[in-house]
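Worksheet: one structure, shown below.
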Amino acid sequence: MALALVTGGAGFIGSHTCEAFVGRDDEVVCLDSFHDYYPRELKERNLEQLRLSDRFHLVEGDVCNATTVEEVFSRYHPSVVVHLAARAGVRPSLQEPEEYLRVNTEGTLNMLRAAVQHPPRRFVFASSSSVYGCRNSLPYSEDQDITHPVSPYAASKVGAEALCFTYHHLYQLPVTCLRFFTVFGPRQRPDLAINTFVRLMLAAQPIQMFGDGSSSRDYTFVGDVARAILAAADTELDFETINIGNSHPLTLRELVAAVGQAVGKEPRIEQLPAQPGDMLHTYADISKAKRLLGWEPQVSMEEGLAEFVRWHRETALSPAVS
């Protein structure tokens, strides 16, 4: 039995991760600030089942507050840390670069400093495929160059990964950085593409397609991601960076068609120019995840979309996000 500290645990990936830990009888402390990037009610709903367990503990607080972080570590002494808390999203980071660097990089620094003072056996950091920028060949492998990020969000994750290695090097903190590739599934943030497309198609409204539809993403189901996080938490690795993806990318046009099929409606498309900061393609080489974690994805895009649409139809709270 472990005591896992999961930052951002009330969010999309975080709540699934907390449930996975609790489901195998681990104790979980969720640290979440309930940031107003999207409605609090959605995060509260994410925690409904978790609150029924006496192995789940919620602390409302911000990873950017070093005192709060230190108090959580001092009180609970986690054996595993899963640091998911972050400001997410490429396009908003262009308008608020300072906030993204503050939360994603400085917040990670606070977590690492506390972990050095109260050493867990494993520190798992949630990174992103965005770190690969636009200069690397496909599929992306962990040994490629990440010195050319194309958005403040990506730059903040590159900086946080660098801090993770620095604190491993200086203090022998065991860290695993997981680079997630476009996670989707039930509880997905309301601003993300699949959630937006489903909501608009169900309302018989047109969807916006940025660019010519040839851009592609490696969509990864959230349940598979939660399994990868637990696998990383259970390892005895020293320091590693590992891709977590489906390794079967879809173009934007293919995604729109797949969502339309899952919803049962013909998509209406509004064509718009490509957005600055967006990557053209993501595609994960997951051979390292298979070798070091014994992990590979289990849920296909078709199965994942069907589950997401089923969840979406059953969910009362699905507000639009501008």
Side-chain angles (χ1 to χ4, degrees), residues 12 37-38 86-97 100 127-141 144-158 179-185 188-221 243-263 265-285 300-302 304-305 308-309 312 320-322:
F12 166 40
Y37 181 65
Y38 61 92
R87 284 298 307 272
V90 167
R91 295 170 195 167
S93 78
L94 274 64
Q95 279 71 54
E96 299 180 87
Y100 276 70
S127 189
S128 167
S129 60
S130 293
V131 301
Y132 287 108
C134 291
R135 294 193 177 187
N136 288 305
S137 59
L138 298 172
Y140 294 145
S141 62
Q144 289 177 325
D145 174 40
I146 61 167
T147 61
H148 297 87
V150 295
S151 69
Y153 168 70
S156 72
K157 288 295 188 178
V158 171
R179 292 175 178 166
F180 298 149
F181 282 68
T182 314
V183 186
F184 78 102
Q188 188 187 52
R189 292 197 333 262
D191 61 307
L192 292 179
I194 290 175
N195 199 328
T196 301
F197 290 172
V198 169
R199 184 172 63 248
L200 292 175
M201 286 185 195
L202 287 172
Q205 296 180 15
I207 63 173
Q208 295 180 334
M209 178 183 289
F210 294 97
D212 63 4
S214 64
S215 62
S216 63
R217 294 290 182 269
D218 195 346
Y219 297 96
T220 316
F221 188 69
N243 289 338
I244 301 300
N246 193 43
S247 205
H248 288 88
L250 291 181
T251 67
L252 181 55
R253 287 196 178 278
E254 289 171 333
L255 173 68
V256 170
V259 172
Q261 185 173 9
V263 172
K265 296 202 174 185
E266 187 69 26
R268 294 166 51 205
I269 298 172
E270 178 186 356
Q271 196 87 33
L272 294 172
Q275 295 289 290
D278 279 350
M279 295 171 66
L280 291 177
H281 307 285
T282 67
Y283 177 7
D285 177 344
S300 70
M301 191 70 192
E302 183 180 21
L305 281 176
F308 177 81
V309 171
H312 196 284
V321 173
S322 59

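Along the sequence shown, residues carry numbers from 1.
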Open item on the list: A side-chain contact here means heavy atoms from C-beta on lying under 4.5 Å apart; do I207 and T196 qualify?
Closed with: no
TODO: Could you tell me which residues satisfy ring pair (Phe, Tyr, Trp, His ring centres under 6.0 Å) with F180, sequence neighbours excluded, listed by chain and number?
DONE: none
Open item on the list: Checking H148 now: which residues fulfil side chain to side chain contact (heavy atoms under 4.5 Å, CB included) with it, not counting sequence neighbours?
Closed with: R135, D145
Open item on the list: Show me the pairs that pass salt bridge (charged side-chain N to carboxylate O under 4.0 Å, His left out) and involve residues 266-279, at least two apart or across chains.
Closed with: R91-D278
Task: side-chain hydrogen bond (donor to acceptor under 3.5 Å, both in side chains) partners of Q208, counting only residues at least two apart - done: none
Task: Closest approach of Q144 to S137 (non-hydrogen atoms, all atoms of both residues) - done: NE2-O, 3.0 Å
Open item on the list: Going by the rule salt bridge (Lys or Arg N to Asp or Glu O under 4.0 Å), which residues pair with E254 if we only count those two or more places apart in sequence or in a different chain?
Closed with: none
TODO: Sorted by first residue and then second, give each salt bridge (charged side-chain N to carboxylate O under 4.0 Å, His left out) pair with at least one member in residues 203-221; sequence neighbours left out.
DONE: none
TODO: Would you please name every residue forming a ring pair (Phe, Tyr, Trp, His ring centres under 6.0 Å) with F12, sequence neighbours left out?
DONE: none
Task: Those residues that, when tested against R189, pass salt bridge (Lys or Arg N to Asp or Glu O under 4.0 Å) (two or more places apart) - done: D191
Task: Counterpart residues, side-chain hydrogen bond (donor to acceptor under 3.5 Å, both in side chains), relative to S129 (two or more places apart) - done: none
- [ ] With R179 as the cation and Y132 as the aromatic partner, state whether NZ or CZ is under 6.0 Å from the six-membered ring centre and within 45° of the axis.
- [x] yes
- [ ] Kindly give the heavy-atom pair with the smallest separation between N195 and P190, and that separation in Å.
- [x] ND2-CA, 3.5 Å
Task: L192 side chain reached by F184 side chain, heavy atoms, under 4.5 Å - done: no
TODO: Can you sort out the partners of T182 under side-chain hydrogen bond (donor to acceptor under 3.5 Å, both in side chains), two or more places apart, ordered by chain and number?
DONE: none
Task: Sequence-distant partners of S151, side-chain hydrogen bond (donor to acceptor under 3.5 Å, both in side chains), two or more places apart - done: none
Open item on the list: The criterion is ring pair (Phe, Tyr, Trp, His ring centres under 6.0 Å); which residues satisfy it with F181, sequence neighbours excluded?
Closed with: none
